[in-house]
Each structure stands twice: as structure tokens, then as C-alpha cells.
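Reading through the C-alpha cells given below for one structure.
These numbers were taken from a predicted model, which means no experiment stands behind them.
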Amino acid sequence: MSHHLNYNSRTDKYSFFSVKEKAWHGLGTIVESYPNSAEALKFAGLDYTVEKRPLFTVDSHNLATFKSPDGDEMYDGFLSDILVPNYYSTVRTDTEEVLGVVGKDYKVVQNTEAFSFFDSIVGGGEGILYETAGALGKGERIFITAKLPSYIKVGKDDLIEQYLFLTTSHDGFGSITAAFTPVRIVCNNTLNAALKNSSNVVRIRHSSGANDRLKQAHTLMGISGRIGDEMESIFNHWAKVRITDDELKKLVQTAMAPNREVLDKLQKGLIDEASSVYKNIVDEVYSYALSAPSQLIDTAQGTLFGAYNAVTGYYQNARKFKDNEAKFKSIIEGTAKQRGQSAFDLCLHLGRNGNVGFQLN
């Protein structure tokens with residue numbers, strides 16, 4: 001199951017919902033209007049609870065039986081009555097599936113609490129639009145995206161929607177992560193860059209209490225408002241900074257450089273010595289920059305804003321991934337995010353005095 005979406009055999013449904021658009025192989029529930037948090041929880045199949053239960057192991061006699069060739073057939077006869085101290089299993093109560101092993105300080109954050117976290121950000125849910133939600137694996141990881149009511153506006157009508165993204169797990173791996181993520185409408189392009197003076201991500205430990213989580217929720221909302229205003233100012237400035245095709249190529253080469261060695265080759269004019277894989281990717285990004293329809297509108301064509309969107313848009317709309325899950329991970333926390341951040345930082349530097357050619361040469 002390459003998409004890795006949770007399939008609930010009890011309900012015969014995949015744990016996922018989306019508003020209007022089909023995604024993740026067209027699986028899950030597609031709804032026509034935005035649901036409230038309670039409806040979103042149910043549509044996404046996240047209306048289950050997780051318990052922290054004691055963990056036991058077997059003695060030497062039962063271990064020998066377990067390792068025997070017929071061990072699997074005798075599984076029900078095992079006596080696992082030795083308590084494992086300080087460790088617990090997390091169990092999904094509707095299916096009795098074990099989701100992970102956690103320590104004594106770990107606190108289960110129920111799926112309803114994750115949605116409450118989002119609701120608390122906007123004061124009871126007014127204005128927030130739940131757009132997608134779902135569970136992966138056996139339900140050990142869940143994710144939610146919600147759209148904020150305001151837009152970032154570049155030029156006259158190049159609109160960027162503002163999303164909040166939250167993911168949490170029940171397996172003991174990772175913290176609760178909430179992030180501010182802008183998405184350019186014309187190309188569905190994720191622009192999740194972080195400014196140097198403020199991250200667009202809040203991470204919360206599972207051992208934190210409800211009050212701490214609420215405090216972090218308001219922190220995220222403050223971050224989102226501040227970053228949204230800053231990005232609108234930056235993008236509108238970039239949309240007025242002109243860049244030639246040759247300068248665009250150099251910018252793409254620099255932003256897509258995978259390591260210091262390649263950057264050194266670029267600075268010494270030894271680009272021909274770089275790997276063919278790298279050079280092919282640069283050519284693909286450059287081609288996308290010059291030909292994608294979203295690159296040909298006034299705010300993007302021949303501008304620094306277009307150059308930045310070329311790198312991020314390549315991963316969103318042109319790059320071939322193994323499957324949707326690989327694409328999702330790359331954009332949220334992988335290579336696509338890193339290259340997009342490199343392009344953002346580079347454009348931020350180049351845009352300061354507007355003389356792009358001078359700085360790239």
C-alpha cells in the first residue's frame with residue numbers, strides 16, 4: 001500500500017478526507033463543503049481513542065517456545081506475565097492494534113485534542129476551514145490541514161492562501177508539530193520558507209500539559225500573522241526585481257546545489273565537473289521556470305519572485321516522486337523544503353539591493 005493511508009477494516013474505509021479535491025490516489029472521503037472540527041474528525045476516520053497500557057514480556061521457557069519452528073502456531077499459549085518497568089504500549093482501542101512503545105512520562109494526545117488545539121488557535125473555530133485530515137499506517141500518525149481566512153496578495157491578483165498544518169503521532173516518535181504554510185493558488189505551490197528571525201514551525205512535547213499546548217497555539221497564531229505580513233512585503237518587492245534568463249540559471253544552480261563541493265565548483269566556474277544528475281535537475285527547474293503557465297504571469301515572469309517559485313513549484317508540480325507519501329515528506333520536511341529554503345534565502349539576499357546580476361557574478 002504505497003500511499004500508506006490507514007485502512008480501517010471495521011468501517012471498510014480509508015482514514016482520510018478532503019474538501020472537493022481528490023488526493024492520495026482518490027481514496028478517502030471527498031466532501032463538498034468545509035466541515036467543522038467534529039465533522040472533520042469523523043470524515044477523516046480519526047474518531048478513535050488511544051490508551052497507554054502496561055507492557056509485559058516472557059520468561060525463558062516461553063521465549064524458547066516462541067523461537068521454536070512452531071512458535072507462531074503456539075502464540076496464543078504464551079504466558080507474558082513479566083512487567084516491563086517504565087515502558088508502555090500505546091493501543092488503538094477500536095481495533096486493539098499496538099501503535100508504539102513509549103516511556104512513563106509520555107502523555108497520549110487524543111485526536112480530538114489535536115483538533116481542539118487548532119480550534120483554540122482561532123477562538124472556537126470561527127474562520128478556520130478544515131481542508132484535509134487523515135491517519136497513516138495503523139493510525140499511529142495523524143495530520144490535519146486548515147486554511148486561514150486571509151490571503152497574502154502579490155501584485156493585483158496573485159493570491160497565496162495561508163494554511164496551518166499539524167501532525168502528531170501515537171508511537172512515541174516525534175513531537176506535536178504545527179506549522180504555518182503559505183500556498184500560491186495559481187500553481188498550488190507550497191511556500192513554506194522560514195524567515196531568519198522566526199521559524200514557521202512550533203514543536204510541542206507529548207509530555208507537556210494542556211495549558212502549555214494552548215500557549216503554544218497562540219504562539220503559532222502570532223507567528224503566522226507576523227510571517228504572513230512579512231512575506232507579503234517580501235514577495236511584492238521580489239515581483240518588482242527583474243532578473244535575466246542567465247541570472248535565473250545561476251540562481252537555480254546555486255539553490256539546487258546539494259552540498260559545499262558543488263557550490264565550490266560553481267564559484268570556480270567548473271560546473272561541467274558536477275554530476276549529470278545535478279545538471280539534469282537544474283535543467284528541469286530552469287525549463288519549468290521559463291515555461292510553466294504560473295511562471296508566465298506578471299508577478300513571476302522575469303522576476304525574482306518567479307525565480308523563487310520556479311524552485312518550489314518544480315517540486316510541487318514537475319518533479320516525479322515514488323508516490324504521494326514521498327512527495328508529502330519531501331515538501332514538509334525533506335529535500336524539497338531544503339531547496340525551497342535555499343532559494344528563499346538566496347532571493348532574500350539578492351533582493352536587498354535589487355542588482356541581482358552584480359551579486360551573482
Side-chain angles (χ1 to χ4, degrees), residues 152 154-155 158 160 180-184 187 189-201 227-228 230-271 274-275 277-290 292 294-295 299-319 330-361:
I152 295 172
V154 183
D158 195 347
I160 298 172
F180 170 70
T181 303
V183 177
R184 188 178 176 217
C187 51
N189 187 9
T190 302
L191 307 176
N192 55 346
L195 296 167
K196 285 188 175 179
N197 58 349
S198 60
S199 171
N200 62 334
V201 177
I227 291 179
E230 287 188 54
M231 283 191 167
E232 185 167 78
S233 175
I234 290 169
F235 291 159
N236 274 286
H237 173 59
W238 289 357
K240 297 174 184 173
V241 177
R242 306 303 302 176
I243 182 169
T244 67
D245 290 352
D246 287 342
E247 292 162 353
L248 170 66
K249 184 70 173 286
K250 291 178 181 176
L251 187 151
V252 171
Q253 288 172 333
T254 305
M256 300 301 292
N259 51 48
R260 186 70 243 176
E261 182 182 356
V262 174
L263 283 174
D264 288 342
K265 284 185 169 67
L266 284 172
Q267 291 173 352
K268 295 175 182 175
L270 302 175
I271 185 63
S275 73
V277 172
Y278 162 72
K279 289 186 286 189
N280 288 339
I281 291 175
V282 167
D283 288 343
E284 289 173 4
V285 177
Y286 182 64
S287 175
Y288 178 88
L290 297 179
S294 59
Q295 293 291 124
T299 53
Q301 189 170 30
T303 72
L304 201 57
F305 182 60
Y308 168 57
N309 272 273
V311 174
T312 56
Y314 164 74
Y315 284 105
Q316 189 76 50
N317 302 307
R319 174 83 170 180
S330 182
I331 291 171
I332 296 301
E333 58 187 1
T335 301
K337 183 180 178 182
Q338 293 171 7
R339 301 291 184 270
Q341 185 67 53
S342 295
F344 184 88
D345 293 341
L346 186 58
C347 289
L348 200 62
H349 175 73
L350 295 173
R352 282 189 178 133
N353 69 11
N355 192 342
V356 175
F358 172 77
Q359 297 170 94
L360 280 171
N361 289 312

Quick check: do Ile281 and Arg319 have side-chain heavy atoms less than 4.5 Å from each other?
yes
Determine whether Ser342 and Met256 make a side-chain contact, defined as any pair of heavy atoms from C-beta on separated by less than 4.5 Å.
no
Rounded to the nearest 0.5 Å, what's the gap from [atom1] on [X] to [atom2] on [Y]? Could you check?
{"X": "Leu304", "Y": "Leu350", "atom1": "CG", "atom2": "CG", "value": "6.0 Å"}
{"X": "Gln301", "Y": "Leu290", "atom1": "CD", "atom2": "CG", "value": "9.0 Å"}
{"X": "Asp264", "Y": "Asn259", "atom1": "CG", "atom2": "CG", "value": "9.0 Å"}
{"X": "Phe344", "Y": "Met231", "atom1": "CZ", "atom2": "CE", "value": "4.5 Å"}
{"X": "Lys337", "Y": "Thr181", "atom1": "NZ", "atom2": "OG1", "value": "8.0 Å"}
{"X": "Leu251", "Y": "Leu346", "atom1": "CG", "atom2": "CG", "value": "4.5 Å"}

Would you sort out whether Val262 and Ser275 count as a side chain to side chain contact (heavy atoms under 4.5 Å, CB included), showing the intermediate values?
CA-CA 9 Å; Val262 174; Ser275 73; over 6 Å; no
Please give me the minimum heavy-atom distance between [X] and [Y], naming the atom from each residue.
{"X": "Ala257", "Y": "Leu266", "result": "CB-CD1, 4.4 Å"}
{"X": "Ile271", "Y": "Tyr278", "result": "CD1-CE2, 3.5 Å"}
{"X": "Ala255", "Y": "Val311", "result": "CB-CG2, 4.3 Å"}
{"X": "Pro182", "Y": "Ile160", "result": "CB-CG2, 3.5 Å"}
{"X": "Leu248", "Y": "Ala307", "result": "CD1-CB, 3.6 Å"}
{"X": "Asn309", "Y": "Tyr288", "result": "O-CE2, 4.1 Å"}

With distance as the sole test, does Ser330 use its side chain to make a donor-acceptor pair with the main-chain N or O of Ala336 at under 3.5 Å?
yes
Between Gln341 and Asp345: side-chain donor-acceptor atoms closer than 3.5 Å
yes
Sequence neighbours left out, what passes salt bridge (charged side-chain N to carboxylate O under 4.0 Å, His left out) with Arg184? Give chain and number order.
Asp158
Who pairs with Glu284 by salt bridge (charged side-chain N to carboxylate O under 4.0 Å, His left out), at least two apart in sequence or on another chain?
none
For [X], what residues pass the side-chain hydrogen bond (donor to acceptor under 3.5 Å, both in side chains) criterion, not counting sequence neighbours?
{"X": "Thr303", "answer": "none"}
{"X": "Asp283", "answer": "none"}
{"X": "Lys249", "answer": "none"}
{"X": "Gln253", "answer": "none"}

Counterpart residues, side chain to side chain contact (heavy atoms under 4.5 Å, CB included), relative to [X] (two or more places apart):
{"X": "Thr244", "answer": "Asp246, Glu247"}
{"X": "Leu270", "answer": "Lys265, Lys268, Glu273"}
{"X": "Ser287", "answer": "Ser291"}

Qualifying residues under ring pair (Phe, Tyr, Trp, His ring centres under 6.0 Å), relative to Phe235, sequence neighbours excluded
Trp238, Phe305, Tyr308
